There are 2 protein chains.
Amino acid sequence: MDTGDRLLTPGEVAALFRVDPKTVTRWAAAGRIGSIRTPGGHRRFRESEVRALLEGEGMLDEVDEGVTDRPRNAGPANSGGPNPMNAGLY
Amino acid sequence: MDTGDRLLTPGEVAALFRVDPKTVTRWAAAGRIGSIRTPGGHRRFRESEVRALLEGEGMLDEVDEGVTDRPRNAGPANSGGPNPMNAGLY
DNA sequence: TTTAAATTGGGTAATTCGGGGA
DNA sequence: GTTGTCCGAATTACCCAATTTA
């Protein structure tokens, strides 16, 4: 199936994350995101991986959250998006 | 389909709410507002959600609260109004 | 081939992170 | 219980010129 093997340019990824293209390059250099280099040295990123990072690689199930009750003090302990990757390291 | 899912930085959201960026971070940590993390650990917020919170259209439950002897939950929270948050996206 | 836009690399400010305490 | 401020550390944003891409 098509998991989205399209390649995105640093500018595209930067726009998706609302960061500078330079920052995306830094992620690739740091190994936080996979990258493919063109013969000229430019980087390309897999759309599937980028989308996974955007939504929080976890899964796709957050259709509703405590709707019947206001999250007043029932701390869900989650920031809306399941992102277990960099939740603890820093 | 452009509901405005642009991403805002903590500083942007803080300026909109007239609070400190740290406060916005606390909201995200407490789950009061959804957040997306960059691979570097910084947060980004959906403009649509922020606007909904600003306008109050998201939760129409602010008619009265606090003073009267109100139970913990009395009103139907969101997910019923014009709130195009991430409800079943991809 | 030439042109315009994007990307690369290094270097330096600004922002954000997390924890602690007022 | 919520918010604002302090600190150190990490991440990110903008500056430049040269190369690559389309």
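Letters go in sequence order (proteins before strands), and every chain restarts at 1. Remember, predicted model here, so these are calculated numbers, not experimental data.
A:Asp20 places a side-chain N or O within 3.5 Å of a backbone atom of A:Lys22 that can act as its donor or acceptor partner. Proximity of a side-chain donor or acceptor of A:Glu49 to a complementary backbone N or O of A:Gly34 within less than 3.5 Å is detected. Within the 3.5 Å criterion, the main-chain N or O of A:Arg18 finds a donor-acceptor partner in the side chain of B:Arg44.
With D:dT21, D:dA13, C:dT15 as the candidates, the nucleotide lying closest to the side chain of A:Pro39 is D:dT21. Taking every side-chain heavy atom of A:Thr9 into account, C:dT7 is the closest of C:dT7, D:dT12, D:dT5. With D:dT3, D:dT21, D:dT12 as the candidates, the nucleotide lying closest to the side chain of B:Trp27 is D:dT3. With C:dC17, D:dA13, D:dT21 as the candidates, the nucleotide lying closest to the side chain of A:Val19 is D:dA13.
Side chains of B:Arg43 and B:Ile36 form no contact here, defined as non-hydrogen atoms less than 4.5 Å apart. With a 4.5 Å cut-off on side-chain heavy atoms, A:Trp27 and A:Val19 count as touching. Residues A:Asp5 and A:Ser48 fail the side-chain proximity criterion, which asks for heavy atoms closer than 4.5 Å.
The CG atom of B:Leu8 sits 13 Å away from the P atom of D:dA13 (whole-angstrom rounding). In this entry the distance linking CZ of A:Phe17 with C1' of D:dA13 reads 17 Å, nearest Å. Taking atom CZ of residue B:Phe45 and atom C1' of nucleotide C:dC17, one finds them 12 Å apart after rounding to whole Å. Rounded to whole angstrom, the span from the CD1 atom of B:Ile36 across to the P atom of C:dT16 amounts to 16 Å. A straight line from CZ of B:Arg18 to P of D:dT3 spans 16 Å, rounded to a whole angstrom. Atom CG in A:Asp20 sits about 14 Å away from atom C1' in C:dT12, given to the nearest Å. Counting to the nearest Å, the C1' atom of D:dA22 and the CD atom of A:Glu12 are 14 Å from each other. In this structure, A:Arg44 atom CZ and C:dT8 atom C1' are separated by 12 Å, rounded to whole Å.
The stretch residues 31-50 of chain A participates, sequence neighbours left out, in no ring-ring contact (aromatic ring centres under 6.0 Å, His included) pair at all.
Between A:Thr25 and the phosphate of C:dT8, there is a side-chain N or O to OP1/OP2 separation shorter than 4.0 Å. The side chain of B:Arg37 places an N or O atom within less than 4.0 Å of a non-bridging phosphate oxygen (OP1 or OP2) of C:dG18. For B:Arg43, no side-chain nitrogen or oxygen approaches OP1 or OP2 of C:dT16 to under 4.0 Å. Between B:Arg32 and the phosphate of D:dT2, there is a side-chain N or O to OP1/OP2 separation shorter than 4.0 Å.
No N or O donor and acceptor, one from the side chain of A:Lys22 and one from the base of C:dG11, sit under 3.5 Å apart.
Looking at heavy-atom distances under 4.0 Å, A:Arg26 makes contact with a base.
Taking a pair to require two hydrogen-bonding distances under 3.5 Å in either a Watson-Crick or a G-U wobble arrangement, D:dG1 remains unpaired.
For A:Leu8, the side chain to side chain contact (heavy atoms under 4.5 Å, CB included) partners at least two apart in sequence or on another chain are A:Glu12, A:Val13, A:Leu16, A:Glu47, A:Val50.
The bend of the helix from C:dT3-D:dA22 to C:dG19-D:dC6, defined by the angle between the axes of its first five and last five pairs, stands at 60° to the nearest 10°.
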